[in-house]
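Worksheet: one structure, shown below.
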Amino acid sequence: MFLDWLKGPYRPPTRYQDPELSARLSFAGFMTVDEVIRLLETEISTRREEITRYRDRNLPRDPALPFDHTSANFVGAWEHKTGAAGMDAHVAACETLRQQLLDGRLRMPGARHPWS
């Protein structure tokens, strides 16, 4: 049952911070390098699509109650910028890991872990 989940279809969650990807990656030793690469490619393509879809969207605010548009827009822009930076860092880290696996660094005798 564990391997069925681990090697089964990966459907990236709505939030990239969800632990699904890191949980699977933490058990990478039970997968082939190609399976890990496919997992990363699914994550990367999903997040790139989300970046394309959401990065420059307009988020109008027009509440019925008294509302300070200036502070709401300032904080909203900060949240968007911070979230975008986090998403970009996540995608870049996944791309780096995928490239290291594609380069065969973990298959070479005496290879060190990429993070050591």
Side-chain angles (χ1 to χ4, degrees):
M1 182 174 224
F2 166 71
L3 290 178
D4 290 340
W5 164 77
L6 183 63
K7 295 182 176 204
Y10 172 61
R11 292 174 188 85
T14 305
R15 293 174 37 92
Y16 74 91
Q17 303 96 327
D18 187 284
E20 174 81 12
L21 178 66
S22 60
R24 288 184 188 229
L25 289 175
S26 68
F27 295 109
F30 293 104
M31 295 186 279
T32 67
V33 170
D34 289 339
E35 288 170 331
V36 176
I37 290 169
R38 278 194 300 276
L39 176 68
L40 290 166
E41 287 175 345
T42 300
E43 178 71 11
I44 291 165
S45 67
T46 298
R47 301 310 171 199
R48 283 182 179 162
E49 289 170 9
E50 290 174 345
I51 288 168
T52 299
R53 188 177 323 125
Y54 299 121
R55 181 62 49 95
D56 297 317
R57 70 183 170 171
N58 184 15
L59 300 173
R61 294 182 177 101
D62 192 20
L65 300 173
F67 190 77
D68 182 346
H69 288 279
T70 302
S71 65
N73 290 337
F74 180 80
V75 172
W78 175 85
E79 288 178 319
H80 185 72
K81 183 178 176 182
T82 301
M87 175 72 89
D88 292 344
H90 173 73
V91 171
C94 288
E95 290 172 334
T96 297
L97 176 57
R98 179 188 62 186
Q99 191 59 53
Q100 289 173 336
L101 293 169
L102 287 169
D103 290 346
R105 292 182 191 166
L106 297 180
R107 294 184 210 152
M108 296 184 296
R112 299 179 69 201
H113 290 291
W115 57 85
S116 56

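For clarity, every value in this text was computed on a predicted model and none was experimentally measured.
- Nearest heavy atoms, K7 versus F30: CE-O, 3.1 Å.
- Here T82 contributes atom OG1 and E79 contributes atom CD; the two are 8.0 Å apart, rounded to the nearest 0.5 Å.
- A donor-acceptor pair shorter than 3.5 Å can be found between the side chains of E43 and Y10.
- Under the 4.5 Å side-chain heavy-atom criterion for ILVMFWY residues, no single connected hydrophobic cluster contains both Y54 and W78.
- Between W5 and F27, the angle of the ring planes goes over 60°, which puts this pair in the perpendicular group of the 30/60° scheme.
- The 12-atom threshold is not exceeded at CG of D56, counting heavy atoms of other residues, nucleotides or ligands nearer than 6.0 Å.
- Judged by distance alone, the side chain of R24 and the main-chain N or O of L6 form a donor-acceptor pair under 3.5 Å.
- Rounding to the nearest 0.5 angstrom, the gap separating the CD atom in Q100 from the CD1 atom in I37 is 11.0 Å.
- Rounded to the nearest 0.5 angstrom, E95 CD and R48 CZ are separated by 4.0 Å.
- Rounding to the nearest 0.5 angstrom, the gap separating the CD atom in E41 from the CG atom in D34 is 9.5 Å.
- Residues R53 and E50 are not paired through a salt bridge, judged by the lack of any N-O separation under 4.0 Å between the basic side chain and the carboxylate.
- L102 and L25 fall within a single hydrophobic cluster, where Ile, Leu, Val, Met, Phe, Trp and Tyr side chains are chained together by heavy-atom contacts under 4.5 Å.
- Put simply, the side chain of P12 does not reach to within 4.5 Å of the side chain of L21, judged on heavy atoms.
- Taken to the nearest 0.5 Å, the CZ atom of R47 stands 9.5 Å off from the OH atom of Y16.
- Within a 6.0 Å sphere centred on CZ of F67, heavy atoms belonging to other residues, nucleotides or ligands number more than 12.
- Distance check: E35 CD to L40 CG gives 12.0 Å after rounding to the nearest 0.5 Å.
- R55 places a side-chain heavy atom less than 4.5 Å from the side chain of D88.
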